[in-house]
Number of protein chains: 2
Amino acid sequence: MATIKDVAKLAGVAISTASYALNNSDRISAATKQKVEAAAKTLNYKKNGFASDLKRTKTNTIALILSDLSGPFYSELIKGVQDVTSANNYDLIACNSIGGAQSTAVKFLTEKRVDGAIILAHNITDELTIESATYGTPLVLLDRYLDDNHVYHVEVDNIQGGYRATEYLITHGHTEIAYISGPAASNDNILRYQGYQNALMDYHLHLHSRWHIQGDFTREGGYRATKLLIAQKKLPHAIFYANDEMAVGGLHAFKENNIRIPEDLSIIGYDDIQLSEYVQPPLTTIKQPKYEVGALAAHLVFQILNGEKIDHHYKLSTELIERASVQPRKS
Amino acid sequence: MATIKDVAKLAGVAISTASYALNNSDRISAATKQKVEAAAKTLNYKKNGFASDLKRTKTNTIALILSDLSGPFYSELIKGVQDVTSANNYDLIACNSIGGAQSTAVKFLTEKRVDGAIILAHNITDELTIESATYGTPLVLLDRYLDDNHVYHVEVDNIQGGYRATEYLITHGHTEIAYISGPAASNDNILRYQGYQNALMDYHLHLHSRWHIQGDFTREGGYRATKLLIAQKKLPHAIFYANDEMAVGGLHAFKENNIRIPEDLSIIGYDDIQLSEYVQPPLTTIKQPKYEVGALAAHLVFQILNGEKIDHHYKLSTELIERASVQPRKS
DNA sequence: CTGTTAGCGCTTTCAG
DNA sequence: CTGAAAGCGCTAACAG
């Protein structure tokens, strides 16, 4: 492999000259520059990125860490991150955190291979996160809260979202509203449930534990939870699924049991995934500003990188998307 | 930032000793190792990944290059890649090729930041690809063919897939079959069309140019192409959409015009995207073995990395998924 | 088992 | 405008 040394030799100049020429410094005469470039071309010279990163002690790349690269992608979020990253002339790489401490994500975080990172992956431990943050890599967390001076947060207001969903159901005349939850450990889930409770309370409705069914954010889980609900003799008026995937699973269950949505029962989801528009009936749901989350997170990284003092916490709000899965209750 | 030098000093050993200790070499006594590790801990030492990559001249990571990180993800494909990458103890990063020569992808390819790459991105030029391959990075191309000694290919048999789709329509009694194509430049599209032509020929059916409508693989494009088809006075018996996205768009168009699928007209798609199962009616389509493509591609990278001599070309076959959008023609 | 030392390939002062 | 030289942080001979 040709190095800059070879290029310099072939061009008949000093190494530093070659380096300057290749990096478009204006200290180099046009003629010299030509020579060097020609030499580089004939040798098929490629700069070694690591060597220069090492020297400059910065990488110009930030990482987006996700629990699973192959998972359901937050496509909009990525787009947000991507747009501002490239606007700042930085590179973006995505890596997964499968494998915990052995994962690519941890390695990149830990070995200073990136200048900053945006994390949306529950399986990176808090300790590791703090540790990485401490030594100077700006870290923006998207899915949980960590009280550390070097860690920043952007979250969407899940309490408000949960509240809106529930309130919408209530104002459509439903009073018996079930909540099919995500995994108990999920922060998002806890907050949405919080919103659900608040709404119930504000409208003086009772919270029945029989209508809090455990799900897990998967379609399958939504299906099972719904079956369970159906197995209980009495149905609620409406169901708030903690995410759309589960609502889709629920739809299957209802179909199997000949329960019509929204005639017999209204349902609302959360997330506004692509599918929700196509399912029968189209799902009314709470949409999160995913693009904005991504863009904001990336912005923060750059502000921190620039040494600006900024807040540690940002909260974005949600939007209700009305489709056809909720109907006023005809009493 | 603490370096290995600091660690060595604090531990009272030589730099090399520290390095060995940190890398679990068995040449180091347990006691020394303890000392070094303790020192590293108190200094919050993190190895600098680049420095060691530079020294070892390998990175242990391979890249998966996609046209757009935020695009419709080939989730299964990524999973395939991921599984074999981590089985080989390698890291995987995904980067996007938006921005052409300025993109992260090109930078990583070109600056030797990865040991190998799998490319599924039309916007990386052939020249660049070959150039990168030439200097030794194993490259596996997923979406096109390039005749270069250093470039490897895995593709799914699109001719066969196109043939199957068309044949399926024919054996259901349809003789006037339209083809809504992808972008003219797309290799996949060309091959699928080839299969379509072959099937028509084998069954002695005519190829009418009025039934070859230009699309672009997007939902919107499928919608427009379908509108166009509808605007012509006569409808075909069936339509083969070069991908599912376009078929979904087509469905919208038909709905608007009160044309019932599959009663009035049968349609078949290609890809088996997640949506196709949920759309009304569920889409009959050609499924590609995406996971296998990903896994095989990653396998190849490692074989090449190990200096094994392997074929330059692999072809996987497709599968027809029967759902409800095709109906036998009642003449 | 431990220490000395020579680079990996590049950037960047600092003198010409 | 150009060149010599000093490292960035780490690894791996090699010699004790």
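Throughout, protein chains are lettered first and strands after them, A, B, ... in sequence-line order, and every chain is numbered starting at 1. What you see is a predicted model, and the numbers here were worked out from it, not measured in a lab.
- The NZ-C1' distance, from A:Lys112 to D:dC10, rounds to 12 Å in whole Å.
- Side-chain atoms of B:Ser19 stay outside donor-acceptor range of the base of D:dA12, with no qualifying N/O pair under 3.5 Å.
- Side-chain proximity of A:Arg56 to the nucleotides D:dG9, C:dC10, C:dT12 is greatest for C:dT12.
- Of the candidate nucleotides D:dC8, C:dG3, D:dG3, C:dG3 has the atom lying nearest to any side-chain atom of B:Ala14.
- Using a 4.0 Å heavy-atom cutoff across all strands shown, A:Ser16 reaches at least one base atom of the nucleic acid.
- Here the rule is side-chain hydrogen bond (donor to acceptor under 3.5 Å, both in side chains) with A:Tyr90, and of A:Thr85, A:Asp115, A:Thr59 only A:Asp115 fits it.
- To the nearest angstrom, P of C:dC8 lies 18 Å from CG of A:Asp53.
- Atom CD1 of B:Ile28 is separated from atom C1' of C:dT2 by 7 Å (rounded to the nearest Å).
- For D:dG7, the base has a donor-acceptor partner in the side chain of A:Lys55 [N/O atoms by modelled type, under 3.5 angstrom].
- The side chain of A:Asn23 lies closest to C:dT11, out of D:dA4, C:dT11, D:dG9.
- The nucleotide whose nearest atom lies closest to any side-chain atom of B:Thr32 is, among C:dT12, C:dT13, C:dT2, C:dT2.
- Look at A:Tyr45 and you'll find a side-chain N or O under 4.0 angstrom from OP1 or OP2 of C:dC10.
- The nearest heavy atom of DNA chain C to A:Arg27 and to B:Tyr20 marks one nucleotide each, and the one closer to the 5' end goes with B:Tyr20.
- For the atom pair OG1 (B:Thr110) and CD1 (B:Ile124), the distance works out to 9.0 Å, reported to the nearest 0.5 Å.
- Applying the 6.0 Å contact sphere to NZ of B:Lys9 captures no more than 12 heavy atoms from other residues, nucleotides or ligands.
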